[in-house]
Undergrad: 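Take a look at this one; I'll ask things after.
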Amino acid sequence: MEDSKIVSREQLRERVEQWRRAGERIVLANGNFDLLHVGHVRYLRGAKELGEKLVVAINSDESVRVLKGEGRPVMPAAERAEIVAALADVDAVVIFPELDVRVLIREIRPDVHAKGTDYTQDSVPERDVVKECGGRVAIVGDAKNHSTSEIIRTRLAGSKA
């Protein structure tokens with residue numbers, strides 16, 4: 001479906017090529033987006049402000065389990081992708097199986113790779129690949145005082161008592 005924001009890697013590469021030919025700046029943001037919260041919204045809004053097209057890469061269920069542990073993700077990748085795709089700031093969503101987005105960065109060569117404020121310019125794991133591909137890293141969003149892990153630990157675990 002052409003107007004669907006949720007795309008395969010191949011579809012994403014084609015869209016990015018079209019956008020780039022139209023002179024649009026491509027921004028890549030990534031994360032688990034498990035239990036979407038206001039921190040995610042602010043991060044994605046800040047990322048969108050850096051360019052014309054925002055691509056959001058969402059970790060697959062298996063990669064979330066590896067990164068976050070048993071019991072995660074709370075929601076399956078397809079549902080997380082659908083929720084993120086519903087946000088007005090988002091132009092495309094892709095689910096990726098790798099533990100980081102280095103391979104995807106090489107595939108689409110974003111102009112900007114946006115990371116949240118839990119990172120610094122020096123701590124972004126993919127910064128070397130971003131620079132190698134001619135892009136830049138930007139830190140966006142509000143202070144990292146929203147966390148899905150924290151919500152699960154405090155609010156959901158507290159409701160079991």
Undergrad: Check this for me, if you would: do Arg25 and Asp111 make a salt bridge, where the nitrogen-to-carboxylate-oxygen distance has to be below 4.0 angstrom?
TA: no
Undergrad: With a 4.0 Å cut-off on N to O distance, would you call Arg80 and Asp61 a salt bridge?
TA: yes
Undergrad: State yes or no: do Val94 and Leu54 share one hydrophobic cluster built from I, L, V, M, F, W and Y residues joined by side-chain heavy-atom distances below 4.5 Å, directly or via other members?
TA: no
Undergrad: Are any of the side-chain heavy atoms of Val112 and Pro110 separated by less than 4.5 Å?
TA: no
Undergrad: Counting distance only, does the side-chain N/O of Arg136 pair as donor-acceptor with the main-chain N or O of His113 below 3.5 Å?
TA: no
Undergrad: Would the distance check show the side chain of Gln11 and the main-chain N or O of Ser8 forming a donor-acceptor pair, the cut-off being under 3.5 Å?
TA: yes
Undergrad: What's the spacing between Ser63 OG and Ile95 CD1 if we round to 0.5 Å?
TA: 10.0 Å
Undergrad: Quick one: do Glu126 and Lys115 satisfy side chain to side chain contact (heavy atoms under 4.5 Å, CB included)? Show the steps, please.
TA: CA-CA 10 Å; Glu126 307 89 0; Lys115 296 296 272 188; 3.6 Å; yes
Undergrad: Test of understanding: with side-chain contact (heavy atoms from CB on, under 4.5 Å), list the residues that count as partners of Glu17, not counting sequence neighbours.
TA: Arg21
Undergrad: So do Tyr119 and Pro125 actually touch side chain to side chain, heavy atoms under 4.5 Å?
TA: yes
Undergrad: Using modelled atom types only, decide if a donor and an acceptor are shared between the side chain of Arg127 and the backbone of Val124 within a distance under 3.5 Å.
TA: yes
Undergrad: With no hydrogens and no angle check, is any side-chain donor or acceptor of Asp100 less than 3.5 Å from a backbone partner on Arg102?
TA: yes
Undergrad: With no hydrogens and no angle check, is any side-chain donor or acceptor of Lys5 less than 3.5 Å from a backbone partner on Ala85?
TA: yes
Undergrad: Backbone N or O of Val38 within a donor-acceptor pair of the Tyr43 side chain at under 3.5 Å?
TA: no
Undergrad: Judged by atom type as modelled, is there a donor-acceptor pair below 3.5 Å linking the side chain of Lys48 to the main-chain atoms of Glu52?
TA: yes
Undergrad: Salt bridge or not for Glu70 and Arg65, using N-O below 4.0 Å?
TA: no
Undergrad: Would you say Asn59 and Lys68 are linked by a side-chain donor-acceptor pair, where the criterion is simply a distance under 3.5 Å?
TA: no
Undergrad: Under a 3.5 Å distance rule, please check whether Asn30 uses its side chain to pair with a backbone N or O of Val56 as donor and acceptor.
TA: no
